[in-house]
Amino acid sequence: MLLAVLSWLCTSLLVSVRGGKLPEAEVNIEVLHRPFLCHRKSKYGDILLVHHEGYFQNGTMFHSSYTEGDKQAVWFTLGIREVIIGWDKGLKDMCSGEKRRLTVPPSLAYGKEGRGKIPPESTLTFVIEVMEIRNGPRSHESFQEMDLNDDWKLSKEEVKEYLRKEFQRHGYPPNDTHHESMVEDIFVKEDENNDGFISSREFTYKHDEL
């Protein structure tokens with residue numbers, strides 16, 4: 001009887017492991033300082049000015065914006081993969097003047113390839129201080145709405161479909177010839193590397209059409 005129960009339990013566990021999804025990697029977030037007054041919190045699409053330090057698991061520092069290079073804080077847009085995914089996930093809902101410690105697993109940092117002085121499969125720790133938060137030129141939500149296949153780049157068909165919906169939303173009939181002309185103009189201005197797509201990084205300033 002006991003053997004039968006153990007066999008059933010093992011079978012159930014195997015089915016669960018094979019059929020279920022592995023849990024997604026997460027960023028461990030520790031708030032080191034938060035100002036008493038917080039007028040706004042960071043969200044996807046905002047531009048953040050940050051100072052940061054990076055550490056390996058053994059505590060060795062591999063970078064500090066306070067002491068290296070021009071010793072200046074850096075600007076980036078949150079949520080469009082301009083930085084590692086761990087930063088995009090870990091720096092939401094921050095106040096200006098807030099400081100956090102992020103522990104980022106390899107899959108949300110530099111993965112199996114590594115980069116520069118970062119070895120492959122490195123878990124990294126960052127201490128990040130947000131100096132300033134500004135409204136971004138475009139929202140992360142708008143990009144996601146347009147990116148129908150979630151590949152982090154916009155095709156001409158995706159932009160055309162967005163324009164068609166916007167025209168209908170404002171009570172105008174779709175006009176494919178007009179839309180195609182608008183799309184061509186948008187891509188001339190925004191497709192900086194001329195690869196036929198607008199990447200999340202190229203999605204940086206607002207056309208009247210969009």
Side-chain angles (χ1 to χ4, degrees), residues 20-35 38 40-147 149-154 193 197-204:
K21 292 183 179 179
L22 292 174
E24 290 187 6
E26 294 293 338
V27 178
N28 184 66
I29 302 171
E30 181 183 354
V31 177
L32 303 179
H33 171 73
R34 179 175 289 153
C38 183
R40 64 173 294 177
K41 292 185 177 181
S42 59
K43 65 182 185 304
Y44 283 161
D46 283 341
I47 301 175
L48 308 187
L49 178 66
V50 305
H51 263 304
H52 64 286
E53 297 172 335
Y55 298 86
F56 294 118
Q57 275 189 298
N58 64 6
T60 301
M61 180 187 292
F62 61 82
H63 181 74
S64 171
S65 63
Y66 296 99
T67 60
E68 298 179 22
D70 58 9
K71 301 179 183 179
Q72 297 294 313
V74 296
W75 288 100
F76 73 95
T77 304
L78 184 66
I80 64 170
R81 300 194 183 182
E82 198 170 296
V83 290
I84 60 173
I85 300 174
W87 279 32
D88 278 342
K89 286 178 171 285
L91 300 182
K92 290 188 297 182
D93 298 320
M94 286 189 75
C95 306
S96 181
E98 184 174 339
K99 182 181 285 190
R100 289 182 180 180
R101 179 183 289 116
L102 307 181
T103 303
V104 183
S107 62
L108 301 180
Y110 297 103
K112 297 178 180 178
E113 294 77 23
R115 174 185 286 185
K117 63 179 75 172
I118 310 296
E121 298 292 355
S122 293
T123 295
L124 304 174
T125 298
F126 297 93
V127 176
I128 303 175
E129 181 179 7
V130 173
M131 315 300 292
E132 189 175 343
I133 303 171
R134 294 183 183 177
N135 289 324
R138 291 194 179 183
S139 71
H140 174 76
E141 291 79 9
S142 294
F143 185 89
Q144 284 191 313
E145 182 182 351
M146 298 171 72
D147 184 19
N149 60 359
D150 295 323
D151 64 352
W152 286 88
K153 57 186 180 182
L154 303 178
N193 61 1
F197 296 93
I198 298 173
S199 68
S200 59
R201 293 187 181 187
E202 291 169 328
F203 192 73
T204 54

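Just so you know, these numbers use all the heavy atoms, side chains as well, and skip hydrogens, waters and symmetry mates.
Nearest heavy-atom pair across P35 and C95 is CG-CB, 4.0 Å. The nearest pair of heavy atoms linking V27 to P105 is CA-CD, 4.5 Å. Looking at every heavy atom in both residues, S42 comes nearest to K92 through OG-C, 3.5 Å.
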- [ ] Evaluate the side-chain contact (heavy atoms from CB on, under 4.5 Å) criterion for residues E132 and W75: first the C-alpha distance (whole Å), next the side-chain angles of each, then the deciding distance (0.1 Å), finally the verdict.
- [x] CA-CA 9 Å; E132 189 175 343; W75 288 100; 3.7 Å; yes
- [ ] Please step through side-chain contact (heavy atoms from CB on, under 4.5 Å) for the pair R34 and R100, ending with a clear verdict.
- [x] CA-CA 9 Å; R34 179 175 289 153; R100 289 182 180 180; 4.0 Å; yes
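Counting heavy atoms from C-beta on, the side chains of L48 and M94 never come closer than 4.5 Å. Within the 4.5 Å cutoff, side-chain heavy atoms of L78 are placed close to those of F76. Using a 4.5 Å heavy-atom cutoff, the side chains of I84 and L108 are not in contact.
One distance of note links OG of S96 with CG of L49; it measures 8.5 Å at 0.5 Å rounding. Interatomic distance, D93 CG to K43 NZ, rounded to the nearest 0.5 Å: 10.5 Å. Here S199 contributes atom OG and E82 contributes atom CD; the two are 10.0 Å apart, rounded to the nearest 0.5 Å. A distance of 5.0 Å separates CG in N28 from OG1 in T103, rounded to the nearest 0.5 Å. Rounding to the nearest 0.5 Å gives a distance of 4.0 Å between CZ of R40 and CG of D46.
Of the residues T123, L124, T125, the one that meets the side-chain contact (heavy atoms from CB on, under 4.5 Å) test with F56 is L124. A side-chain contact (heavy atoms from CB on, under 4.5 Å) with R101 holds for exactly one of V127, I29, V31; it is V127.
Partners of E26 under the salt bridge (Lys or Arg N to Asp or Glu O under 4.0 Å) rule, at least two apart in sequence or in another chain, do not exist in this structure.
D88 places a side-chain N or O within donor-acceptor distance of the main-chain N or O of R81, the cut-off being under 3.5 Å. In this structure a side-chain-to-backbone donor-acceptor pair under 3.5 Å is missing from T77 to I47.
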Listed pairs under 3.5 Å, donor-acceptor, residues 60-71 side chains, sequence neighbours left out:
{"unit_1": "T60", "atom_1": "OG1", "unit_2": "N58", "atom_2": "OD1", "d": "3.0"}
{"unit_1": "H63", "atom_1": "ND1", "unit_2": "E68", "atom_2": "OE1", "d": "3.0"}
{"unit_1": "S64", "atom_1": "OG", "unit_2": "Y66", "atom_2": "N", "d": "3.2"}
{"unit_1": "S65", "atom_1": "OG", "unit_2": "H51", "atom_2": "ND1", "d": "2.7"}
{"unit_1": "S65", "atom_1": "OG", "unit_2": "H52", "atom_2": "N", "d": "2.8"}
{"unit_1": "S65", "atom_1": "OG", "unit_2": "H52", "atom_2": "O", "d": "3.3"}
{"unit_1": "Y66", "atom_1": "OH", "unit_2": "E129", "atom_2": "OE1", "d": "2.8"}
{"unit_1": "E68", "atom_1": "OE2", "unit_2": "S64", "atom_2": "N", "d": "3.3"}
{"unit_1": "D70", "atom_1": "OD1", "unit_2": "Q72", "atom_2": "N", "d": "3.1"}

